[in-house]
Amino acid sequence: MGFLSVLRPKNQPRKGPREDLPSEVKQVVAILTNVIDPETGLDIVSEGLLYGLTVKDKEVEVFLLMARSTPECHACQMLAINVQNKLLEKTLKILKAEGFEKVRIYNELGLLLAEE
């Protein structure tokens with residue numbers, strides 16, 4: 001055991017959805033990996049923007065961390081809003097194409113951002 005070994009985490013975080021999630025939630029997480037952030041080229045799951053889901057029959061509620069992607073620079077905020085709107089549109093489109101009849105997307109404060 002070297003001196004720097006105390007700085008390494010003992011447990012590495014697991015990638016992907018938790019093992020104990022219901023199958024319908026895992027399915028939606030897998031679907032949402034197809035929503036690509038146009039700014040970073042990463043999907044919203046890998047990027048850490050997805051933090052919650054509620055799935056009931058053909059209805060899904062998606063909770064996204066949107067504040068992290070809004071820059072403090074006032075000149076850049078319009079660009080960030082455009083990127084967020086594209087993410088919302090893509091999320092709605094992909095979930096509706098998968099057969100969900102009702103899709104609601106909320107931000108981290110619980111405010112409804114999009115609904116279809």
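Along the sequence shown, the residues carry numbers beginning at 1. Only heavy atoms go into these numbers, but all of them, side chains included; no hydrogens, no water, no symmetry mates.
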Would you please test F63 and T54 for side chain to side chain contact (heavy atoms under 4.5 Å, CB included) and show each step?
CA-CA 9 Å; F63 298 86; T54 302; 3.9 Å; yes
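- Residues satisfying the side chain to side chain donor-acceptor pair (under 3.5 Å) test with N34, not counting sequence neighbours, are none.
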Set out, in order, the CA-CA distance, both residues' side-chain angles and the distance that settles salt bridge (charged side-chain N to carboxylate O under 4.0 Å, His left out) for E116 and K102, then state yes or no.
CA-CA 6 Å; E116 196 171 300; K102 188 74 165 177; over 6 Å; no
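- The number of heavy-atom neighbours closer than 6.0 Å to NZ of K93, taken from other residues, nucleotides and ligands shown, is 12 or below.
- Atom-to-atom distance recorded for I36:CD1 and S46:OG is 8.0 Å, nearest 0.5 angstrom.
- Note that CD of E61 is 4.0 Å distant from OH of Y106, once rounded to the nearest 0.5 Å.
- Between L49 atom CG and T40 atom OG1 the span is 7.5 Å, to the nearest 0.5 Å.
- Counting only distance, with no hydrogens or angles, the side chain of D37 and the backbone of G41 share no donor-acceptor pair below 3.5 Å.
- E98 CD to L32 CG: the interatomic distance, rounded to the nearest 0.5 Å, is 9.5 Å.
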In sequence, state the C-alpha distance, the side-chain angles, and the governing distance for L113 and L64, and then conclude on side chain to side chain contact (heavy atoms under 4.5 Å, CB included).
CA-CA 10 Å; L113 300 175; L64 298 176; 5.6 Å; no
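- Counting heavy atoms from C-beta outward, R104 and L112 have side chains that approach closer than 4.5 Å.
- In terms of modelled atom types and a separation under 3.5 Å, the side chain of D57 and the main chain of E59 share no donor-acceptor contact.
- For the residue pair V55 and F100, the shortest heavy atom distance occurs at CG1-CE2, 4.1 Å.
- At most 12 non-hydrogen atoms from other residues, nucleotides or ligands lie less than 6.0 angstrom from NZ of K86.
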Steps toward side chain to side chain contact (heavy atoms under 4.5 Å, CB included) verdict (I44, T33):
CA-CA 6 Å; I44 63 172; T33 61; over 6 Å; no
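- Taking CD from E47 and CG from L65, the interatomic distance works out to 10.5 Å, rounded to the nearest 0.5 Å.
- Put simply, the side chain of V35 does not reach to within 4.5 Å of the side chain of D43, judged on heavy atoms.
- The shortest side-chain heavy-atom distance between P38 and N82 does not fall under the 4.5 Å cut-off.
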Take N85 and V83 through the side chain to side chain contact (heavy atoms under 4.5 Å, CB included) test and state the conclusion after the steps.
CA-CA 5 Å; N85 286 337; V83 169; over 6 Å; no
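- Residue I31 holds its CD1 atom at 14.5 Å from NZ of K26, rounded to the nearest 0.5 Å.
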